Amino acid sequence: MANKRQRASLRAAIDSGHGVIGLVARKTTIVSRGLVGLIRGLPGVNLPHRSRIVQPSRITVGADFFATGPVWIEAVTGGGPGSREPLVTIGRNLQIATGLHIAAVQKVQIGDDCLFGSGVLITDHSHGRYSGENPDSPIIPPAVRTLHSSGAVVIGDRVWLGDGVVVLPGVTIGDGVVIGANSVVTKDIPGDVIAAGNPAKIIRRYEPTQGVWQREKEG
């Protein structure tokens, strides 16, 4: 269970609007049941039972975090030679359905006021390297291939990711974006657009002078 000092730090973080999880635990472990209960009991934070928070000292979650079901957020320090210093930063007022999985060996950054549907995956790495020099051999089991990141993931403010969306390494998603259900985001998406598909492509853009979402012209 968290001690009095941890409780005080956590409450101060909530009151100030700063992130909370990184203040609570400094061990290389999954958050304990008692700690999850403490976080869940604070105003403005809902972390459901059976959630997994791995390497909490490298994860920051802003105030007004709400999830209807378990989430799995991990900063991965293993999976290859040398040391890693992954960071996961989540802004204020993230609303999640259930089943969110965030995994970072480098950095995943999420802005304020976002909405994520069920079963969303956000990752900045893959099991192995499949392009460039020294790609991994298919003879090596995927689970033991070195984790490789092609770049950080950055998601802006007021982004809505539909059910089943996958955001892959090296992607930046601008402010105000909507990503359709079951889309796979493989490249950067500019702000104020709707994108969908596998790979995700822009299908509408917001026109502020007219206040409408205009269909993207093909070609």
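Here the structure is a predicted model, which means the values were calculated and not measured. Numbers here are sequence positions counted from 1. In what follows, every heavy atom counts, from backbone to side chain, and hydrogens, waters and symmetry copies are set aside.
The ring pair (Phe, Tyr, Trp, His ring centres under 6.0 Å) test applied to His127 returns no partner, not counting sequence neighbours. For Thr209, the side-chain hydrogen bond (donor to acceptor under 3.5 Å, both in side chains) test picks out Glu207, with sequence neighbours left out. Judged as a ring pair (Phe, Tyr, Trp, His ring centres under 6.0 Å), and not counting sequence neighbours, Tyr130 has no contacts. Arg205 is linked by a salt bridge (charged side-chain N to carboxylate O under 4.0 Å, His left out) to Glu216, counting only residues two or more places apart in sequence or in another chain.
The line from CZ of Arg129 to OG of Ser149 is 10.0 Å long, rounded to the nearest 0.5 Å. To the nearest 0.5 Å, atom CZ of residue Arg215 and atom CD1 of residue Ile203 are 7.0 Å apart. Interatomic distance, Arg158 CZ to Asn93 CG, rounded to the nearest 0.5 Å: 12.0 Å.
Under a hydrophobic clustering in which Ile, Leu, Val, Met, Phe, Trp and Tyr are joined whenever their side-chain heavy atoms come within less than 4.5 Å, directly or via other members, Val166 and Val108 fall into different clusters. A continuous path of Ile, Leu, Val, Met, Phe, Trp and Tyr side chains, each step under 4.5 Å between heavy atoms, connects Leu100 with Ile53, placing both in one hydrophobic cluster.
A ring pair (Phe, Tyr, Trp, His ring centres under 6.0 Å) check over residues 184-210, counting only residues at least two apart or in different chains, returns the pairs Tyr206-Trp213. Sequence neighbours left out, not one pair with a member in residues 157-205 passes ring pair (Phe, Tyr, Trp, His ring centres under 6.0 Å).
Residues Ile73 and Ile90 meet the side-chain proximity criterion, which asks for heavy atoms closer than 4.5 Å. Between Asp157 and Asp113 the shortest side-chain heavy-atom distance does not fall below 4.5 Å. Counting only heavy atoms from C-beta outward, the side chains of Leu87 and Glu85 never approach each other to under 4.5 Å. Taking the side chain as every heavy atom from C-beta outward, Ile102 and Ile110 approach each other to under 4.5 Å.
The heavy-atom pair separating Asp64 from Arg92 by the smallest distance is OD2-NH2, 4.0 Å. Of all the heavy atoms in Leu168 and Val153, the pair that sits closest is O-CG2, 3.6 Å. Across all non-hydrogen atoms, the minimal contact from Val88 to Ala104 is CG2-CB, 3.8 Å.
In this structure a side-chain-to-backbone donor-acceptor pair under 3.5 Å is present from Arg58 to Pro86. In terms of modelled atom types and a separation under 3.5 Å, the side chain of Ser51 and the main chain of Val71 share a donor-acceptor contact. Judged by distance alone, with hydrogens and angles left aside, the side-chain atoms of Arg145 form a donor-acceptor pair with the main-chain N or O of Ile140 at under 3.5 Å.
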What pairs of donor and acceptor atoms, side-chain ones from residues 182-195 against any protein atom, are under 3.5 angstrom apart with sequence neighbours left out?
| unit_1 | atom_1 | unit_2 | atom_2 | d |
| --- | --- | --- | --- | --- |
| Ser183 | OG | Gly180 | O | 2.7 |
| Ser183 | OG | Gly197 | N | 2.9 |
| Asp188 | OD1 | Thr172 | N | 2.9 |

Could you list the donor-acceptor pairs under 3.5 angstrom formed by side chains in residues 115-125, with sequence neighbours left out?
| unit_1 | atom_1 | unit_2 | atom_2 | d |
| --- | --- | --- | --- | --- |
| Thr123 | OG1 | His125 | N | 3.2 |
| Thr123 | OG1 | His125 | O | 3.2 |
| Thr123 | OG1 | His125 | ND1 | 3.3 |
| Asp124 | OD1 | Val105 | N | 2.8 |
| Asp124 | OD2 | Val105 | N | 3.2 |
| Asp124 | OD2 | Gln106 | N | 2.7 |
| Asp124 | OD2 | Lys107 | N | 2.9 |

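When hydrophobic side chains of Ile, Leu, Val, Met, Phe, Trp and Tyr are connected at separations under 4.5 Å, Val154 ends up as a singleton with no cluster partners.
Each of Asp175, Ile173, Val171 was checked for a side-chain contact (heavy atoms from CB on, under 4.5 Å) with Ile155, and the lone residue meeting it is Ile173.
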